[in-house]
There are 2 protein chains.
Amino acid sequence: MSAVTSTVNVGRPRAFDMDTALEKALEVFWRKGYDGTSLSDLTEAMGINKPSLYAAFGNKEQLFLKAIELYESRPCSFFLPALEKTTAYQVAEHMLYGAAMNMADSNHPQGCVVVQGALSCSEAAASVKEALINRRVEGEQKLKVRFDQAKTDGDLPPGTDTGVLARYLLTVLQGMAIQANNGACSEQLRQVAHMTLQAFPRAG
Amino acid sequence: MSAVTSTVNVGRPRAFDMDTALEKALEVFWRKGYDGTSLSDLTEAMGINKPSLYAAFGNKEQLFLKAIELYESRPCSFFLPALEKTTAYQVAEHMLYGAAMNMADSNHPQGCVVVQGALSCSEAAASVKEALINRRVEGEQKLKVRFDQAKTDGDLPPGTDTGVLARYLLTVLQGMAIQANNGACSEQLRQVAHMTLQAFPRAG
DNA sequence: AGATATATGTACTTATCGGTAAATAACCCT
DNA sequence: AGGGTTATTTACCGATAAGTACATATATCT
């Protein structure tokens, strides 16, 4: 009776788990980038055939975007949780050390898929490149807003340019993604995190 | 008589200028990355046909590597010249402000082709990815050596960890490449450069 | 049991990928 | 003018790209 698509268990059940298949797709996109990943790479890693992929996820682009969503909502992600810390300094600290830990973790590809998934790319990938830029810019904006709050909280000096501070932090984080791709280990990234905090304005 | 390939003007002369063709190729690789660039993209931009490209430059991979060589030896490149400055601080300053100027320059693609040319890529691009990683790591090593010199010159405090300092600076520079791709303008990158120098140890 | 609905595997499509064979054109040297 | 050498053009190669048609398999609902 309902006009919306029913979600009852009718028809042949899916033979694979969508979440784990999406995890596999994320892993491939992360390692090879959008242009560098073929559908064969994806179906092989996900353990399904192309028609199943298309039926479940739409197409390559939509699969990529869903993988990015998964990436950002994973338990091991560090960006949004860091915003919850009580002071601006702690936010920065948590973000930088979280990145140092996560980006060089050998349990998954190095770096950050939002940075390296479609940086320089073909015209076919232009829309996903834009989507990733938006994610990065929105993250920077969220951090700026958090720092604005910190200013009214009094844990940042009144004269602080929160936009520059947020951009500086994001620049280092994005640079750490490149460093991780260079082969830098967590300890080396931690040292960079430590130096970065030297430039951070302490509680006024 | 000579055993080496003669360079006399024998045979039909090349109808295009190799240097300007290589500039065009660089521009395309810079904008689209190695995987994202097709031979059609290249031949169209360079104004030549595929056999001419292969005869003059070998293949796609060799053309890419030659384009990178050109990139690093261009007059507007800022990394190596900065190493010539007289103090460690001036080296850092020159490098950071040079990057701010160059990476957001709208006369060419944004960012840095050594960073974004083959970050996450297909297996076909694995060798060029390695080549770019080597370039980045070698740049970092050169900067460390320069800072070691600065330490003996007495313009860095004796306790300075030059490896960390070099890595910190490279991290920011590589992050600035991402920021430029995000659409950041030179002035915004200059602000990041300024903040970065806050964490820099001043002359002891 | 039979109808309906969804998922699956196989095989296919069209387009493009990187790369090349072969014929022709344009130069220098004798 | 003719031979030697190299560049250019056109047309092609096999492989792979993303995406799909279709027949079959497996579930629920009546």
Side-chain angles (χ1 to χ4, degrees), chain A residues 1-22 25 28-29 32-67 118 121-128, chain B residues 1-2 4-22 25 28-29 32-67 118 121-129:
Chain A
M1 288 296 182
S2 153
V4 299
T5 305
S6 96
T7 45
V8 299
N9 287 342
V10 61
R12 179 172 175 172
R14 194 170 273 122
F16 64 95
D17 181 69
M18 282 189 69
D19 292 333
T20 62
L22 192 56
V28 179
F29 280 131
K32 299 192 169 188
Y34 185 81
D35 275 334
T37 299
S38 71
L39 280 177
S40 305
D41 292 332
L42 291 167
T43 54
E44 189 183 348
M46 299 165 86
I48 61 178
N49 292 317
K50 276 191 278 187
S52 298
L53 189 155
Y54 278 85
F57 300 104
N59 61 11
K60 187 184 174 185
E61 176 177 344
Q62 291 168 43
L63 174 59
F64 181 85
L65 296 176
K66 286 185 173 111
C121 62
S122 68
E123 274 134 31
S127 61
V128 311
Chain B
M1 290 291 184
S2 153
V4 300
T5 306
S6 96
T7 45
V8 299
N9 287 341
V10 60
R12 177 171 175 172
R14 195 170 273 122
F16 63 96
D17 182 68
M18 282 189 69
D19 293 332
T20 61
L22 191 56
V28 178
F29 280 130
K32 299 191 170 189
Y34 185 81
D35 275 335
T37 300
S38 71
L39 280 176
S40 305
D41 292 332
L42 291 167
T43 54
E44 189 184 348
M46 299 164 86
I48 62 179
N49 291 318
K50 276 190 278 186
S52 297
L53 188 156
Y54 278 85
F57 300 104
N59 61 12
K60 186 184 175 184
E61 176 178 343
Q62 292 168 42
L63 174 60
F64 181 85
L65 296 177
K66 286 183 175 116
C121 61
S122 68
E123 274 133 32
S127 61
V128 311
K129 171 180 161 183

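Chain letters run A, B, ... following the sequence lines, proteins first and then strands; every chain starts at 1.
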Atom [atom1] of [X] to atom [atom2] of [N]: distance rounded to whole Å?
X: B:Glu61; N: C:dC17; atom1: CD; atom2: C1'; answer: 16 Å
X: B:Asp35; N: D:dT16; atom1: CG; atom2: P; answer: 15 Å
X: B:Arg14; N: C:dA25; atom1: CZ; atom2: P; answer: 20 Å
X: B:Asn49; N: D:dC12; atom1: CG; atom2: P; answer: 16 Å
X: B:Ile48; N: C:dG18; atom1: CD1; atom2: C1'; answer: 15 Å
X: A:Leu42; N: D:dT16; atom1: CG; atom2: P; answer: 16 Å
X: B:Tyr34; N: C:dC17; atom1: OH; atom2: P; answer: 14 Å
X: A:Phe57; N: C:dT8; atom1: CZ; atom2: C1'; answer: 15 Å

Apply side-chain contact (heavy atoms from CB on, under 4.5 Å) to B:Phe16 and B:Met18, showing your working. CA-CA 6 Å; B:Phe16 63 96; B:Met18 282 189 69; 4.0 Å; yes
Of the listed D:dT5, D:dT8, C:dT8, the closest approach to the A:Phe16 side chain comes from C:dT8
Among the nucleotides D:dA21, D:dA27, D:dG19, which one has an atom lying closest to any side-chain atom of A:Pro13?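 Within the option list, the nearest is D:dA27.
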Residue mapping more 5' on DNA chain C - nearest nucleotide basis, B:Leu39 or B:Arg12: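 Comparing both residues, the 5'-ward one is B:Leu39.
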For [X], report the nucleic acid contact type (base, sugar-phosphate, nothing); a contact means any heavy atom under 4.0 Å.
X: A:Ala55; answer: nothing
X: A:Thr43; answer: nothing
X: A:Thr37; answer: sugar-phosphate

Determine: side-chain N/O of [X] to OP1/OP2 of [N], distance under 4.0 Å, yes or no.
X: B:Ser40; N: C:dC17; value: yes
X: A:Asn9; N: D:dT28; value: no
X: A:Ser52; N: C:dA7; value: no

Base C:dG18 paired with B:Lys60 side chain (donor-acceptor, <3.5 Å): no
Once rounded to the nearest 0.5 Å, what's the spacing between atom [atom1] of [X] and atom [atom2] of [Y]?
X: A:Leu39; Y: A:Tyr54; atom1: CG; atom2: OH; value: 4.0 Å
X: A:Leu65; Y: A:Gln62; atom1: CG; atom2: CD; value: 7.5 Å
X: B:Tyr34; Y: B:Lys60; atom1: OH; atom2: NZ; value: 5.0 Å

Please lay out, stage by stage, how B:Asp17 and B:Leu22 fare under the test side-chain contact (heavy atoms from CB on, under 4.5 Å). CA-CA 9 Å; B:Asp17 182 68; B:Leu22 191 56; over 6 Å; no
By nearest heavy atom, map A:Lys50 and A:Gly11 onto DNA chain D; which one lands nearer the 5' end?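 Checking each residue's closest nucleotide, the 5'-ward one belongs to A:Lys50.
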